[in-house]
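Below is one structure, written out as structure tokens, with a few remarks after it.
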Amino acid sequence: MATPPVGGAAGMEGGGPPAAQPPPGTDMTGICFRDQLWLNSYPLDRNLVFDYFALSPFYDWTCNNEHLRMRSIHPLDLSQLSKMTGIEYMLSEVMEPHLFVIRKQKRDGPEKVTPMLTYYVLDGSIYQTPQLCNVFAARVGRALYYISKAFTTAASKSEKIGYVDSENESAAVESKIGKETIDFKEVKRIDHILASLQRKLPPAPPPPPFPEGYVPLTTTESENGPEAQQVGDAQPPALDPIIDQGPAKRMRF
């Protein structure tokens, strides 16, 4: 196996990490990295993709792969990585030259690894995949937002419709039909049934813990006090990591 150039373009500049690097465990699903100069200089294949990935802000310079690069060993050599412990990157899926999936994991032994984060290189652009719990939380929050908004709209309209007025009918038919009122006792009975069913349902299970070293996004909605929220108004849904932060909508880095 041919030894790739260590560090690529970064190796020409000294091979060290950039001056201002965000913490490697933070949620960076809103950005993407692309170095067109490097892509024009080197082919993107399974031997050089890790050196290209090391240029991105997603790379952790304290990983075991970096120690192998300093010793002029291929950073993805599994025979060497299995003898070490700590943070490492592994090339899990390859569809040359368009797609490369890189998994960040913590190794505690030759056969014991704990997955942490996943990244993918799509046509030269590097992205961080969102956590599955964040995707579910965003989808459930968005569904609850629109359901609550629909009930609020229906309630506001039901207060205005107390009867059915037949203006287009003749006066004789209008005197016979009169006004059709709403049975509010039936509405209260349905609300009582729904409330009793809700009390019988088991509580929702707690969300799964985040991987070690992962820092989720902080939302400002939880910081606002209840006095700043109007009663009956549904809060806007959170950003969806796939719909609102997909590859086409991420900030270029």
Measure the [atom1]-[atom2] distance between [X] and [Y] for me, rounded to the nearest 0.5 Å.
X    : Y    : atom1 : atom2 : value
R142 : I147 : CZ    : CD1   : 13.5 Å
E88  : L81  : CD    : CG    : 5.0 Å
R107 : C63  : CZ    : SG    : 13.0 Å
L76  : L68  : CG    : CG    : 9.0 Å
L117 : I102 : CG    : CD1   : 12.5 Å
T85  : K112 : OG1   : NZ    : 12.0 Å

*Start with the C-alpha gap between E66 and Y59, add the side-chain angles, then the distance that decides, and say whether side-chain hydrogen bond (donor to acceptor under 3.5 Å, both in side chains) holds.*
CA-CA 10 Å; E66 183 63 24; Y59 185 61; 2.7 Å; yes
Is it true that a side-chain atom of [X] and a backbone atom of [Y] form a donor plus acceptor pair closer than 3.5 Å?
X    : Y    : answer
T129 : T118 : yes
S148 : L144 : no
Q128 : M28  : yes
R71  : I73  : no
H98  : L122 : no

Which atom of [X] lies closest to which atom of [Y], heavy atoms considered:
X    : Y    : result
R46  : V94  : NH2-CG1, 3.5 Å
P115 : Q105 : CA-CB, 4.0 Å
S82  : S79  : OG-O, 3.2 Å
R103 : S92  : NH1-CB, 3.4 Å
L44  : P97  : O-CB, 3.7 Å
P57  : I31  : CG-CD1, 4.2 Å

Flag side-chain contact, heavy atom, 4.5 Å: [X] against [Y]:
X    : Y    : value
K104 : D60  : yes
D108 : T114 : yes
L91  : F50  : no
K106 : M116 : yes
N64  : I87  : no

_Pair Y89, F53 - check ring pair (Phe, Tyr, Trp, His ring centres under 6.0 Å), show working._
CA-CA 10 Å; Y89 294 92; F53 176 76; 5.3 Å; yes
*What about Y52 and Y42, are their ring centers closer than 6.0 Å?*
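Centroid separation for Y52 and Y42: 6.0 Å or greater.
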*Can you check whether Y119 and Y127 have ring centres sitting under 6.0 Å from each other?*
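When the ring centroids of Y119 and Y127 are compared, they turn out to be at least 6.0 Å apart.
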*asked:* Counting only heavy atoms not in E111 (residues, nucleotides, ligands), do more than 12 fall under 6.0 Å from its CD?
replied: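 Incorrect, the count does not exceed 12.
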*Verify the neighbour count for atom CD of E96: are there more than 12 heavy atoms of other residues, nucleotides or ligands below 6.0 Å?*
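Yes - once you tally the heavy atoms of other residues, nucleotides and ligands closer than 6.0 Å, there are more than 12.
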*Same hydrophobic cluster for V101 and V113, using side-chain heavy-atom links shorter than 4.5 Å among ILVMFWY?*
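Cluster IDs for V101 and V113 differ.
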*Decide yes or no on side chain to side chain contact (heavy atoms under 4.5 Å, CB included) for F33 and F58, but give the supporting numbers first.*
CA-CA 9 Å; F33 175 84; F58 308 111; 4.1 Å; yes
_Can you see whether R34 engages S125 through a side-chain donor-acceptor pair at a distance of less than 3.5 angstrom?_
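Yes, because at least one side-chain N or O of R34 sits under 3.5 Å from a partner of the opposite role on S125.
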